[in-house]
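Worksheet: one structure, shown below.
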2 protein chains.
Amino acid sequence: MTTAWNEAALGAGRQPGRARRAVVELLGRQSCCLTALEIFERLRAAGSGVGLASVYRTLDQLSRDGFLQKIELGDGTTRYEPTERGGHHHHHVVCETCGKVEPFEDDRLEQALRRVERQTGYAVAGHEVVLRGSCTDCS
Amino acid sequence: MTTAWNEAALGAGRQPGRARRAVVELLGRQSCCLTALEIFERLRAAGSGVGLASVYRTLDQLSRDGFLQKIELGDGTTRYEPTERGGHHHHHVVCETCGKVEPFEDDRLEQALRRVERQTGYAVAGHEVVLRGSCTDCS
DNA sequence: GTGAATGCAAACTCTTTGCATGACT
DNA sequence: AGTCATGCAAAGAGTTTGCATTCAC
């Protein structure tokens, strides 16, 4: 699969090597967030010889170039996911019991956020919402 | 200053010692979030002999007992602040350039969040919103 | 061939844990 | 004395950096 996101993410910056290609290819297929270690392990499991450091370097680069959003869900690790594909972006609900993470999106929430963003006086570039609780299986 | 929050936070669980007293007293005076290291350094600067480990242990305990909210703003460290004092709770805007953190609150945002929380099907216990951008000084 | 990207290992930072000491009952 | 919190130091986990090598053009 070669999407517009994949091509843009590969093209940005300098020449992509094996690691960058592998990470972009994996993330391009992803619908929700992954940790650096998860990405590393999946690539290794798939037979790729990428190093963990290269995964981190690629993630850092793609984040700075705006292709990835960093997400912190409260467990001390950072997750990454492709930014707004198709103009939509989502947020996350985390089950504090089993650790499950699910995405959701809501227009009214986005509207409320935009309103607040204007009021802050900041030039707000992005936002992040995390809901915590118990999923239907755990509660 | 001895507020209801302070008393409750001290009373919960077992007997509070020097460290717990110092941390609760400092956080009780705080309006916005602090990292464990900031708390440790302030207490040390104030002449207290608390250990960093005790600060972490106290923060962990107070969080589990619901007196503190953990907050992750994207720099890899966890911040802590007293939960909903006076029934209000706030969220945070972070300046990605200078690192400044400011609180804000907005009723319409809270309403939108409550709506979404119901839709998820989760028993949502809490939520967190972070806005990122440039503050007026930096943009 | 040149310069950038890569992989490994070491370094770093934040956080947690083990254990002996100290405080309060 | 007995019990629990504390402080220090060591251990862990996640992430970053240094450096020699490999890869792409």
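Below, read A as the first sequence line, B as the second, and so on, with proteins coming before strands; counting in each chain starts at 1. Given the structure is predicted, the values throughout are model-derived calculations rather than measurements.
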Just how far, in rounded Å, is C1' of C:dA9 from CZ of A:F40? 13 Å
Kindly indicate whether the side chain of B:P16, heavy atoms from C-beta on, has any atom under 4.5 Å from the side chain of B:V24. no
Are A:H127 and B:H92, when compared by the centres of their aromatic rings, separated by less than 6.0 Å? no
Length of the CG-C1' vector between B:L59 and C:dT16, whole Å: 13 Å
Dump the pairs, protein N or O against N or O of nucleotides 12-21 of chain D, anything under 3.5 Å, distances to one decimal.
residue : atom : partner : partner atom : Å
D:dT15  : OP1  : A:T78   : N            : 3.0
D:dT15  : OP2  : A:Y56   : OH           : 2.3
D:dT15  : O5'  : A:Y56   : OH           : 3.1
D:dG18  : O6   : A:R57   : NH1          : 3.4

Using atom CG of B:D65 as one end and atom P of D:dA5 as the other, report the distance to the nearest whole Å. 12 Å
Just the atom pairs and distances: protein N or O near nucleotides 23-25 of chain D's N or O, under 3.5 Å.
none

Are A:E128 and A:K70 within salt-bridge range, i.e. N to O under 4.0 Å? no
Of all the heavy-atom pairs spanning A:L27 and A:L34, show the shortest one and how long it is. CD2-CD1, 4.5 Å
Considering all heavy atoms, the nearest A:L43-A:A22 contact: CD2-O, 3.8 Å
Quick check: are there more than 12 heavy atoms from other residues, nucleotides or ligands sitting under 6.0 Å from CZ of B:R115? yes
Double-helix bend of the helix from C:dG1-D:dC25 to C:dT25-D:dA1, axes at both ends from 5 pairs, round to 10°, gives 20°
So, for A:C32 and A:H90, which heavy atoms are closest and what is the spacing to 0.1 Å? SG-NE2, 4.2 Å
Over how many whole Å does the gap from B:E38 atom CD to C:dT13 atom P extend? 16 Å
Under 4.0 Å between a Lys/Arg side-chain N and an Asp/Glu carboxylate O for A:E25 and A:R21? no
Please name the pair of heavy atoms, one in B:L68 and one in B:T83, separated by the smallest distance, quoted to 0.1 Å. C-CG2, 3.6 Å
Between atom CD in B:Q61 and atom C1' in C:dT15, what is the gap in whole Å? 17 Å
Taking the six-membered ring for Trp, are A:F67 and A:W5 parallel (under 30°), tilted (30 to 60°) or perpendicular (over 60°)? perpendicular
Can you see which heavy atom on A:V50 is nearest to which on A:F40, and at what distance? O-CE1, 3.3 Å
